[in-house]
Amino acid sequence: MEAAQKFDVAQSEEYRQAPHNVEAEQALLGAILVNNEAFDRVSDFLLAEHFYEQVHADIYSVCTKIIRSGKRATPITVKTFLPDDLTPEFSMTQYLARLAADATTIINAADYGQTIYDLAIRRKLIVVGETLANEAYTADFDSPPSLQIENTEKALFELAEKGRSDGGFVDFSAALREAVNMAGEAYRRDGSLSGLATGLLDMDQKMGGLQRSDLIILAARPAMGKTSLATNIAFNIAKAYEPEVLPDGTIKPANGGVVAFFSLEMSAEQLATRILAEQSGISSSDIRRGKIHESQFSKLVEASNIMAKAPLFIDDTGGLAISQLAARARRLKRQKGVDLLIVDYLQLLSGSSKSQANRVQELTEITTSLKALAKELDVPIIALSQLSRQVEARDDKRPQLADLRESGSIEQDADVVLFVYREEYYLKGKMPQENTPEFFEWQAKMNEVEGRAEVIISKQRHGPTGTVQLHFNANLTRFGNLAKDEYLPEQLD
């Protein structure tokens, strides 16, 4: 009886159509057919797939191709590329003529286009909601709630960012425009870099900055300073952030960027202490133990005030799964915007499978997912990685790509592979007995390498490989630009 009553209620409800506005679609198409300038007002955001009526989508698609080929779209030129049998009452020729005849002005073209676009997004939201509800009802063993949440967040993110929930082929002319725009941005940006400037000049010159959608692996043995280098880069980029408001109201960085730092090993407080030491010039160990005097404390306050303004977000949750990391990154991108993502470090992430039977396969899933996330968010991702102990067995302890081979597809998925190497660290442990010829030779070598670090670019899809020399201050955990010999003052005889 109760089921029958529910059925009666459902029958009594008014049938709901998907949201659409045929009149707005007709008005916009008519305006375009009369004056092609109307197309220019909507072409940067409106696609054929956003139209509700298929015939209107076909007409808009033909207009797009004709106008972008440098020709004029009119009822006469458009009908050539469309079937003429529209309905028994109307031919395509008659319908196009009616659209043009009913058009009055192009002033409202942008408003019509925005209405069509917004309704298309609402229709896609309905699809996302229905998919979520249907999957929640089925409760398949292979589809746990966490996976459903992740898939829904991903779909919502794609809608929020691009207004489309599916991929597909991109016209080469569109890709070409993106390449030209990137070159233009590099020309206007400080340092003329196509990517994000790290603040380390020699690295930026070698790499052109950090490129969007790149997966950058930063690897080293323990105590080489890879986390310090990552935090230095993160803060340099966040500190340089200068937002630029585009004509459509969206915000993009003119310089620097918003940085998200996933710290799976260190706490947010420890990371902040490192950056505070770097910015204030006070040893991080002194800061932790409170061994500072009054003048140093004022430096700390001044540095912390500057740091507080930097758009740097830290997530120090331990034991994150790659799916959780991706969901949090999408959420932050949607809410605050993200221009750089850093993960410290790769081996502390877990894959979707809880089994540890095959760690290589799990790391392969992680690196593949990070590369996909970099493309999805259109930002560079720096993922820190530990190296195997086989480095220690060699006389020359500079890391090589072969040292990554035990870690699945890290080398294959990465666009850039960077190694950090400090000879000073290894040389310190080899001090011979004092006042011997070996000691003086060792001391001369120490003077050469003290405070120096190498960033070895072993792989770079879009540029050269090679080694960059940097300055490293262990007390402040700070990497910096190394003074060139030719810039140093000449020694007097």
Side-chain angles (χ1 to χ4, degrees), residues 196 198-200 203 207 210 214-238 259-268 270-272 274-275 278 312-322 324-326 328-329 338 340-351 359 362-371 373-374 379-389 391 399-401 403-422 425 453-460 468 470 472 477-479:
L196 286 173
T198 64
L200 302 168
M203 259 185 71
M207 298 173 60
L210 307 179
D214 271 4
L215 174 59
I216 302 160
I217 299 297
L218 177 58
R221 289 292 295 154
M224 288 293 106
K226 61 181 179 298
T227 299
S228 299
L229 181 57
T231 54
N232 291 173
I233 291 172
F235 187 71
N236 287 345
I237 290 174
V259 181
F261 200 117
F262 286 92
S263 179
L264 285 80
E265 185 177 33
M266 299 173 62
S267 69
Q270 290 171 321
L271 280 179
R274 284 196 172 201
I275 299 173
E278 176 206 344
L312 174 58
F313 299 92
I314 300 173
D315 187 325
D316 60 0
T317 309
L320 273 178
I322 182 60
Q324 294 173 308
L325 183 145
R328 294 182 185 196
V338 170
L340 171 65
L341 197 67
I342 298 177
V343 181
D344 183 18
Y345 57 92
L346 202 60
Q347 283 79 7
L348 292 178
L349 283 171
S350 60
R359 181 59 177 163
E362 191 176 18
L363 280 170
T364 299
E365 178 199 347
I366 291 168
T367 56
T368 303
S369 299
L370 283 176
K371 175 56 185 173
L373 184 64
V379 301
I381 294 181
I382 299 178
L384 279 60
S385 176
Q386 294 280 25
L387 291 177
S388 62
R389 289 192 179 94
V391 176
Q400 304 168 5
L401 282 175
D403 299 324
L404 285 171
R405 285 177 184 166
E406 294 180 0
S407 302
S409 62
I410 292 180
E411 180 187 342
Q412 289 77 12
D413 289 328
D415 298 285
V416 179
V417 177
L418 306 176
F419 295 118
V420 184
Y421 173 74
R422 291 193 301 115
Y425 173 81
E454 297 178 21
V455 174
I456 304 166
I457 306 173
S458 289
K459 176 183 178 181
Q460 187 175 194
V468 175
L470 296 176
F472 179 67
T477 63
R478 177 169 65 195
F479 284 83

task: Please examine the side chains of Lys371 and Asp415, heavy atoms only from C-beta on, and report whether any two atoms are closer than 4.5 Å.
output: yes
Just wondering, do Val455 and Leu470 contact through their side chains at under 4.5 Å, heavy atoms?
yes
CG (Asp214) and CD (Gln460) are apart, to the nearest 0.5 Å, by 8.0 Å
dist Leu218:CG -> Leu418:CG (nearest 0.5 Å) comes out at 6.0 Å
Nearest heavy-atom contact between Ala238 and Leu312 is CB-CB, 4.1 Å
For Ala453 and Arg422, the nearest pair of non-hydrogen atoms, with its separation, is CB-CG, 3.7 Å
Salt bridge or not between Lys226 and Asp344? Use side-chain N to carboxylate O under 4.0 Å. no
| task | Would you please test Leu384 and Leu346 for side-chain contact (heavy atoms from CB on, under 4.5 Å) and show each step? | result | CA-CA 6 Å; Leu384 279 60; Leu346 202 60; over 6 Å; no
Pair Val416-Met207, side-chain contact (heavy atoms from CB on, under 4.5 Å): steps then yes or no: CA-CA 9 Å; Val416 179; Met207 298 173 60; 4.0 Å; yes
Scanning both residues in full, the closest heavy-atom pair of Ile381 with Leu370 reads CD1-O, 3.4 Å
Q) Do Ile456 and Tyr421 come close enough that some side-chain heavy atom pair is under 4.5 Å? A) yes
Between the CZ atom in Phe472 and the CE atom in Met224, the distance rounded to the nearest 0.5 Å is 9.0 Å
Practice prompt. Could you check if a side-chain atom of Arg274 sits within less than 4.5 angstrom of a side-chain atom of Thr227, using non-hydrogen atoms only?
Written response: yes
- Query: Hey, are Ser385 and Gln347 close enough side-chain-wise for a donor-acceptor pair under 3.5 Å?
  - Reply: yes
In short, Phe479 meets Leu200 closest at the heavy-atom pair O-CD2, 4.0 Å
### Query
Just wondering, do Leu320 and Phe262 contact through their side chains at under 4.5 Å, heavy atoms?
yes
Contacts of Asp413 meeting salt bridge (Lys or Arg N to Asp or Glu O under 4.0 Å) (sequence neighbours excluded), chain-then-number -> none
Separation between OG1 (Thr364) and CD1 (Ile366), nearest 0.5 Å, reads 9.0 Å
Q) Does some side-chain heavy atom of Val259 sit less than 4.5 Å from a side-chain heavy atom of Phe313? A) no
**Report entry** Side chains of Ile382 and Leu341 in contact at under 4.5 Å (non-hydrogen atoms)
**Finding:** no
Run the side-chain contact (heavy atoms from CB on, under 4.5 Å) test on Leu387 and Phe419 for me, step by step, so that the C-alpha distance in whole Å, both residues' side-chain angles and the decisive distance to 0.1 Å come before the verdict.
CA-CA 9 Å; Leu387 291 177; Phe419 295 118; 3.8 Å; yes
Side-chain donor-acceptor contact under 3.5 Å, Arg478 with Ser228
no
ask   = Any side-chain heavy atom of Leu210 sitting closer than 4.5 Å to one from Thr198?
value = yes
Side chain Thr368, main chain Glu365, donor-acceptor under 3.5 Å:
no
All heavy atoms of Pro380 vs all of Leu196, minimum pair found to be CG-CD1, 4.1 Å
- Message: Any side-chain to backbone donor/acceptor pair from Asn236 onto Gly199? Under 3.5 Å, distance only.
- Response: no
Correct closest heavy-atom pair for Lys459 and Ala414 would be NZ-O, 2.8 Å
Run Thr317 and Arg328 through side chain to side chain donor-acceptor pair (under 3.5 Å) and show every step you take. CA-CA 11 Å; Thr317 309; Arg328 294 182 185 196; 2.9 Å; yes
Between Glu454 and Val468, is a side-chain contact (heavy atoms from CB on, under 4.5 Å) present by the stated rule, with each step listed?
CA-CA 6 Å; Glu454 297 178 21; Val468 175; over 6 Å; no
By salt bridge (Lys or Arg N to Asp or Glu O under 4.0 Å), Arg221 pairs with (sequence neighbours left out) Glu392
